[in-house]
Amino acid sequence: ASAQTSTTTTTTWTNDQGSAIRQYSTTQHYNTITDPSLKPSVGMELPSTVTVYPLPGTVIVPNADQYSYTIINGQPVVVERTTRKVVHTWE
C-alpha cells in the first residue's frame, strides 16, 4: 500500500462550521493568537509556536482526524495536522 502524500483538501468548509469552531474555542478557553503581522492564507505553513487543537465534535467533515484548528486574530483557521498547512480560513 502506498502512502498518500497529497495535502490537497476536497472538504467544503461552511460558515456555520467557522462559527461552531469560534464558539467552541471560547468555551474551551483556548489560547488565541493576536498578531496583526500574522495573516494566515490557504497553503501557508503555521509556525511551530502556534498551538493547534482538534476540531470540535460538532464539526462533521470527511477525515476530520486529519485537521486541527486555531484562532488567529479572532478568525478560525483549519490546518492539515501533519503539515500544519492552512487549508481554510474564514474572514
Side-chain angles (χ1 to χ4, degrees):
S2 63
Q4 184 175 357
T5 57
S6 172
T7 57
T8 327
T9 179
T10 55
T11 301
T12 301
W13 301 93
T14 66
N15 288 336
D16 287 345
Q17 291 169 324
S19 297
I21 289 171
R22 189 180 295 112
Q23 182 178 12
Y24 179 78
S25 69
T26 60
T27 64
Q28 299 301 305
H29 305 290
Y30 287 158
N31 289 331
T32 62
I33 306 301
T34 303
D35 180 351
S37 70
L38 185 58
K39 299 185 184 342
S41 60
V42 172
M44 169 187 177
E45 185 176 330
L46 290 182
S48 60
T49 54
V50 174
T51 302
V52 296
Y53 305 98
L55 290 177
T58 56
V59 176
I60 308 300
V61 295
N63 304 314
D65 59 337
Q66 292 181 0
Y67 305 107
S68 297
Y69 82 95
T70 193
I71 304 292
I72 299 176
N73 300 322
Q75 301 300 322
V77 176
V78 178
V79 299
E80 203 281 322
R81 193 171 284 175
T82 57
T83 63
R84 297 182 59 87
K85 287 190 177 178
V86 174
V87 295
H88 193 82
T89 64
W90 285 270
E91 297 299 326

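Given the structure is predicted, the values throughout are model-derived calculations rather than measurements.
Thr82 places a side-chain heavy atom less than 4.5 Å from the side chain of Glu80. The closest side-chain heavy-atom distance from Val52 to Arg84 is below 4.5 Å. Looking at heavy atoms from C-beta onward, Thr51 lies out of side-chain contact with Ile33 at the 4.5 angstrom threshold. Proximity of Val78 to Val86: side-chain heavy atoms (C-beta onward) are nowhere separated by under 4.5 Å. With contacts defined as side-chain heavy-atom distances shorter than 4.5 Å, the pair Val79/Val50 does not qualify. Taking 4.5 Å as the limit, every side-chain heavy atom of His88 sits out of range of all side-chain heavy atoms of Pro76.
When hydrophobic clusters are built by joining Ile, Leu, Val, Met, Phe, Trp and Tyr residues whose side-chain heavy atoms come closer than 4.5 Å, directly or via intermediates, Ile21 is not grouped with Ile72. No chain of hydrophobic side-chain contacts below 4.5 Å, direct or via other Ile, Leu, Val, Met, Phe, Trp or Tyr residues, connects Val77 to Tyr53. Both Leu55 and Tyr30 belong to a common hydrophobic cluster when Ile, Leu, Val, Met, Phe, Trp and Tyr are linked at side-chain heavy-atom distances under 4.5 angstrom. Hydrophobic clustering (side-chain heavy atoms under 4.5 Å, transitive across Ile, Leu, Val, Met, Phe, Trp, Tyr) groups Tyr67 together with Tyr24.
Side chain of Asp35 to backbone of Asn73: no donor-acceptor contact under 3.5 angstrom is found. Without hydrogens or angle criteria, Gln17 side chain to Thr14 main chain gives a donor-acceptor distance under 3.5 Å.
Nearest heavy-atom pair across Pro40 and Thr89 is O-CG2, 3.9 Å. Considering all non-hydrogen atoms of both residues, Ser25 and Ile71 come closest at OG-CG1, 3.5 Å. Across all their heavy atoms, Met44 and Lys39 have their closest contact at SD-O, 3.7 Å. Taking both residues in full, the closest heavy atoms of Thr83 and Glu45 are given as O-CG, 3.5 Å, listed atom of the first, atom of the second, then distance.
Among residues two or more places apart in sequence or in another chain, the side chain to side chain contact (heavy atoms under 4.5 Å, CB included) test is passed with Asn63 by Asp65, Gln66.
Between Tyr69 and Trp13, the ring centre distance reaches or exceeds 6.0 Å.
We find the CZ-CG distance between Arg22 and Asn15 to be 9.0 Å, quoted to the nearest 0.5 Å.
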